Each structure stands twice: as C-alpha cells, then as structure tokens.
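Treat the numbers as computed from the prediction; the structure is a model and nothing was measured.
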Amino acid sequence: SANALGDRVPVTHSASSPHQCRSAIEELVRSGLVDDLADSWIERIRHEATVAEIRRRAEAGEVDAMLKLGAWHHTGQMGLPMSHAEGFRWCRRAAELGSLYAYASAGLCLVGGRGVDADVPQGLSLISAAAVGGLEFASNWLGEWFLAGQYGLPKDPSRAAYWFAKVVDGAAHSLDGAACPRVRGHRERAAERLSLLSAICTPAGPEEALPECIKGEAGGTHWVGRA
C-alpha cells in the first residue's frame, strides 16, 4: 500500500500489541524518519538502556552503580520516579559494603528523615565515620553543624575548627577531585570559617571533636535504618 513514507515502512491492517507498536515507533525513531519525535524518544531509549545496565551492575554488587541508582531515585533523574525510600535503600546497600560516600549519603538521609525514619544518632555516626575516613564534604558538614549547633550538636567553635581544618589542610579528600568547583567552594568556605575561628579558639583534638553520641564508635556500621 502507498504511504507517506514510501516503501520504507510497511502498512499492516492487523491488530498490534502495545509492545509491537512501541517497537515500530522505536525503529522509526532510530531510522530518523520521525524528526519531531526523535529527540525525546532517543533520549528515553538511552535512559532506559543506561538505567538497565546500572541496575544490573548494582544488583551484582558494584558500589558505584548503587550510588548512581540511589542518586537518580533521590532526584527523579534518568526517567526514574522520585523515591527517597528507594534512594536510601541503595545508599544503605553501598554503605554496608564500606563506601565512605554511601556512609555520608545514608547518614544524611537518617539525620533528615529522608526516605527512612529519622535517627539522628545513627546518621551522625555514619557521617562521622565518613569524615574520620577522610571524606571532605562529611567533614565540612560536621564543621557547619558544630558551628551552628544543628542536629542536636552543641555550638562548639573548637570542634567546628577541627573539622574545617581537615578540609583546608587536605586531610580530607573528595571523590570529585580538587579541580571540581563544588570542592573548591567547600575548601574556600572552610578556610574562611577557620580563619575566623582561629582568632577565638584552638581546634579540638580528634577524639574530642567527635559528636558525643558516637564517641569511640565512629567507623562502625552497626545501624539499621527502617525505610
């Protein structure tokens, strides 16, 4: 039968299943014959393929894949529905495998009750473990929270100064690399804070700087968050 696309697309009058229709549309998109729909469909197809591959790797136990999947669920990216509970679930799985980044991410969920029942002591324990392990933004969080007296922590300039100093002197590291604008922002802000605090106090020592609720326990992973 004649059709607008010539002989390249056969016309059928038989009933088609939704799967067959989708396959036909995807084939049209890949061929470039439907320009108006191509961009959005190609992006969707790529997202689905990427998510499927990352999910396969996460299920196989790859920590980086778990973290990506968790982040996508938290933000609703890559065509996934936004679900903080699902985001926390993947962060927790990565944390159980010892990822410092996952400690911090899951800890932040626990502190704020995002996707899981709030449990500030457990959240602070995980964030402290990440900071003690050298994760820069976890150290920065503790500095800010001790400075402001947030999440049940006392306002304590000496303890805040300790965590800011870890960021400034390079004892803390970042997964993003020193050249990342966000990392430079953390370090510049920490340096400003430390400069002001140095006029009024001396940084606390490593043990003294830990939150009271987890002293002697930082680095442990004995926690159970309930989504």
*Ser105 (side chain) donor-acceptor with Tyr101 (main chain) under 3.5 angstrom*: yes
_For the student: nearest non-hydrogen atoms of Ile200 and Pro157, plus distance_ = CD1-CB, 4.3 Å
*asked:* Rounded to the nearest 0.5 Å, what separates atom CD in Glu212 from atom CG in Asp156?
replied: 9.0 Å
*Partners of Glu86 by side chain to side chain donor-acceptor pair (under 3.5 Å), sequence neighbours excluded?*
Arg89, Trp90
*From Asp119 CG over to Leu126 CG, what is the distance, rounded to the nearest 0.5 angstrom?*
9.5 Å
*Would you say Ser125's side chain and Pro121's backbone share a donor-acceptor pair under 3.5 angstrom?*
no
_With salt bridge (Lys or Arg N to Asp or Glu O under 4.0 Å) as the criterion, how do Glu59 and Arg93 come out once you've worked through the C-alpha distance, each side chain's angles and the decisive distance to 0.1 Å?_
CA-CA 10 Å; Glu59 293 288 2; Arg93 285 186 62 175; 3.5 Å; yes
*Can you tell me how far the CG atom of Asp117 sits from the CG atom of Leu110, to the nearest 0.5 Å?*
9.0 Å
_Smallest separation among heavy atoms of Leu153 and Pro211, with atom names_ = CD2-CB, 3.7 Å
*Tell me, do Leu142 and Tyr162 make a side-chain contact under 4.5 Å, heavy atoms counted?*
no
*What pair of heavy atoms forms the shortest contact from Ala131 to Trp163, and how long is it?*
CB-CZ3, 3.5 Å
*Under a 4.5 Å side-chain heavy-atom rule over Ile, Leu, Val, Met, Phe, Trp and Tyr, are Leu97 and Ile127 clustered together?*
yes
*Is there side-chain contact between Trp141 and Leu108, with at least one heavy-atom pair below 4.5 Å?*
yes
*Gap separating the SG atom of Cys201 from the CG atom of Leu197, nearest 0.5 angstrom*: 5.0 Å
*asked:* Working note: Met66 + Arg92, criterion side-chain contact (heavy atoms from CB on, under 4.5 Å); need CA distance, chi angles, decisive distance, verdict.
replied: CA-CA 9 Å; Met66 294 178 189; Arg92 172 177 176 158; over 6 Å; no
*asked:* Check whether Ser198 reaches the backbone of Ser195 with its side chain - one donor and one acceptor, N or O, closer than 3.5 Å.
replied: yes
*Is the distance between the ring centroids of Tyr151 and Phe146 under 6.0 Å?*
no
*Tell me, do Lys155 and Leu147 make a side-chain contact under 4.5 Å, heavy atoms counted?*
no
*Return the minimal non-hydrogen interatomic distance between Arg187 and Val168, and the atom names on each side.*
O-CG2, 4.2 Å
*Partners of Thr75 by side chain to side chain donor-acceptor pair (under 3.5 Å), sequence neighbours excluded?*
Gln77
_pair Phe164-Asn140: side-chain heavy atoms closer than 4.5 Å_ = yes
*Check Ala65 against Ala58 and note the closest heavy-atom contact, atom names and distance.*
CB-N, 3.5 Å
*asked:* If I take atom NE2 from residue His74 and atom SG from residue Cys91, how far apart are they, to the nearest 0.5 angstrom?
replied: 4.5 Å
*Is a salt bridge present between Glu144 and Arg193, judged by a nitrogen-to-oxygen distance below 4.0 Å?*
yes
*When you measure from the side chain of Arg159 to the backbone N and O of Leu210, does any donor-acceptor pair fall under 3.5 Å?*
yes
*Any idea which heavy atoms bring Ala138 and Ala130 closest together, and the distance?*
CB-CB, 3.8 Å
*Glu53 with Lys68: basic N within carboxylate O range, under 4.0 Å*: no
*Output yes when a side-chain donor or acceptor of Ser158 lies under 3.5 Å from a complementary backbone atom of Thr202, and no otherwise.*
yes
*What's the verdict on side-chain contact (heavy atoms from CB on, under 4.5 Å) for Val167 and Phe137, showing C-alpha distance, side-chain angles and the deciding distance?*
CA-CA 8 Å; Val167 176; Phe137 63 79; over 6 Å; no
*Supply the atom-to-atom distance Leu67 CG to Ile54 CD1, rounded to the nearest 0.5 angstrom.*
10.5 Å
*Only counting residues at least two apart or in another chain, list the ones meeting salt bridge (charged side-chain N to carboxylate O under 4.0 Å, His left out) with Arg55.*
none
